[in-house]
Amino acid sequence: MIKVPTYQPNQKGRRVLMVVYDDAHVLDVVGPLEVMNGAAFFLPDETKPYSVSVVAAKAGSVKTTSSLALIADQSYADALADPEPIDTLIVSGGVGTMAALKDNELLAFVQKAAARSRRIVSICTGALILAEVGLLEGKRASTHWFWSPILEKRYPQVKIESDAIYVQDGNIWTSAGITAGMDLALALVEEDWGHDIALNVARLNVMYMIRPGGQSQFSAHLVAEKAEDPAIHDVMQYILKTPSDPLTVTALAARAGLSERTFARRFKEETGLTPAAYVETSRVQAARVHLETTSDGIEQIALQAGFQNAERMRRAFQRHVGVSASEYRERFQKTLVEADNIRDGPA
């Protein structure tokens with residue numbers, strides 16, 4: 001049973017500024033804040049973990065992509081005039097990020113507030129805002145898998161870790177898309193208040209303490225869905241459904257009704273990947289499903305997923321997941337046991 005003590009909401013906690021703007025993603029804002037403030041339930045009475053201010057160009061209503069409005073309680077000017085030290089500056093993401101990158105007032109605020117902050121955080125595409133003001137120069141960083149190539153192209157000085165759920169480099173933390181912001185927030189709670197408090201917050205929110213896998217577990221199907229060229233989209237769906245087939249460029253080009261050269265060019269234009277890279281990604285994804293849901297042997301799974309043998313699958317897993325297939329299965333099974341405990345939740 002989780003003990004939920006009472007606490008005094010008017011007691012000061014670590015000062016957190018959450019930066020929002022028009023068409024921010026509401027989950028980028030409320031998800032991390034719910035996780036962070038959840039720590040209050042497991043701290044001694046009268047201890048408030050965080051004192052949060054939602055900050056925008058002007059105090060008041062800010063529209064989000066979900067049609068829900070957020071209420072900013074401080075303007076940029078008010079937040080900077082407040083003498084209270086800033087513990088954590090968080091920049092949200094969303095489809096409004098591209099417009100935000102042209103907002104000089106917002107960029108100037110982020111720069112000034114970051115200089116006064118102990119810790120700087122971005123959620124999802126908020127990483128582009130940090131990069132725009134130079135905070136990610138020479139730093140490792142993550143963002144939503146769809147936006148990783150854009151971040152990499154616009155800001156080549158940033159070291160993109162495209163498969164990471166979140167990345168910490170010094171005092172700067174960046175996360176992948178949307179719910180990954182909650183994973184990052186849980187890591188912040190653990191850094192601030194310890195493992196036991198973070199574990200209870202994870203249980204309260206029915207979360208993994210450490211989510212298994214990276215963004216690559218989502219990408220193969222999602223990349224296929226964004227393909228607009230009907231011929232390329234059909235080939236990608238075929239690859240996903242038949243990973244054990246001999247998926248050579250010759251065979252795939254014939255299926256698309258294109259020459260090999262034209263097929264390879266159009267495939268790269270649509271997906272940012274070569275056909276061979278996408279085939280390998282899809283086969284790793286298929287193998288992960290088998291490893292997670294069956295007790296089949298490694299050699300058998302390698303054949304089912306389209307690898308010629310277990311050694312080829314092992315090397316592909318090292319490239320995409322960072323561990324071998326057998327290590328992945330062992331870690332996944334261990335995480336399931338931990339997740340069963342987490343899912344017990346508060347009594």
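Bear in mind the structure is a predicted one, so any value in this text is a computation, not a measurement. Numbering starts at 1 and runs along the sequence shown.
Asp87 contributes no side-chain N or O that, together with a main-chain N or O of Arg15, makes up a donor-acceptor pair within less than 3.5 Å. Panel note: side chain Arg116, backbone Leu80; a donor-acceptor pair is recorded below 3.5 Å. Checking side-chain atoms of Thr262 against main-chain N and O of Ser259 turns up no donor-acceptor pair under 3.5 Å. Between the side chain of Glu34 and the main chain of Met36, no donor-acceptor pair closer than 3.5 Å is present.
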Identify all side-chain donor-acceptor contacts of residues 20-33 below 3.5 Å with residues at least two apart in sequence or on another chain.
| unit_1 | atom_1 | unit_2 | atom_2 | d |
| --- | --- | --- | --- | --- |
| Tyr21 | OH | Ser92 | O | 2.7 |
| Tyr21 | OH | Thr97 | OG1 | 3.0 |
| Asp23 | OD1 | Lys63 | NZ | 2.9 |
| Asp23 | OD2 | Lys63 | NZ | 3.0 |
| His25 | ND1 | Leu27 | N | 3.2 |
| Asp28 | OD2 | Gly93 | N | 3.1 |

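Atom CG in Asp245 sits 10.5 Å away from atom CD1 in Ile239 (nearest 0.5 Å). Between the OG atom in Ser53 and the CG atom in Asp78 there is a gap of 9.5 Å [rounded to 0.5 Å]. For the atom pair Met236 CE and Glu270 CD, the distance stands at 8.0 Å (nearest 0.5 Å).
Within 6.0 Å of CD on Glu137 lie no more than 12 heavy atoms contributed by other residues, nucleotides or ligands.
Ring geometry for Tyr50 against Trp193 counts as perpendicular: the plane angle is over 60°, on a 0 to 90° scale with 30° as the lower cut.
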- [ ] Please step through side chain to side chain donor-acceptor pair (under 3.5 Å) for the pair Thr248 and Thr250, ending with a clear verdict.
- [x] CA-CA 5 Å; Thr248 63; Thr250 301; 4.6 Å; no
Open item on the list: Before you tell me yes or no, could you show the steps for Glu311 and Arg314 under salt bridge (Lys or Arg N to Asp or Glu O under 4.0 Å), namely the whole-Å CA-CA distance, both residues' side-chain angles and the distance that decides it to 0.1 Å?
Closed with: CA-CA 5 Å; Glu311 177 57 24; Arg314 185 192 68 78; 2.7 Å; yes
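Counting heavy atoms from C-beta on, the side chains of Phe307 and Val284 come closer than 4.5 Å.
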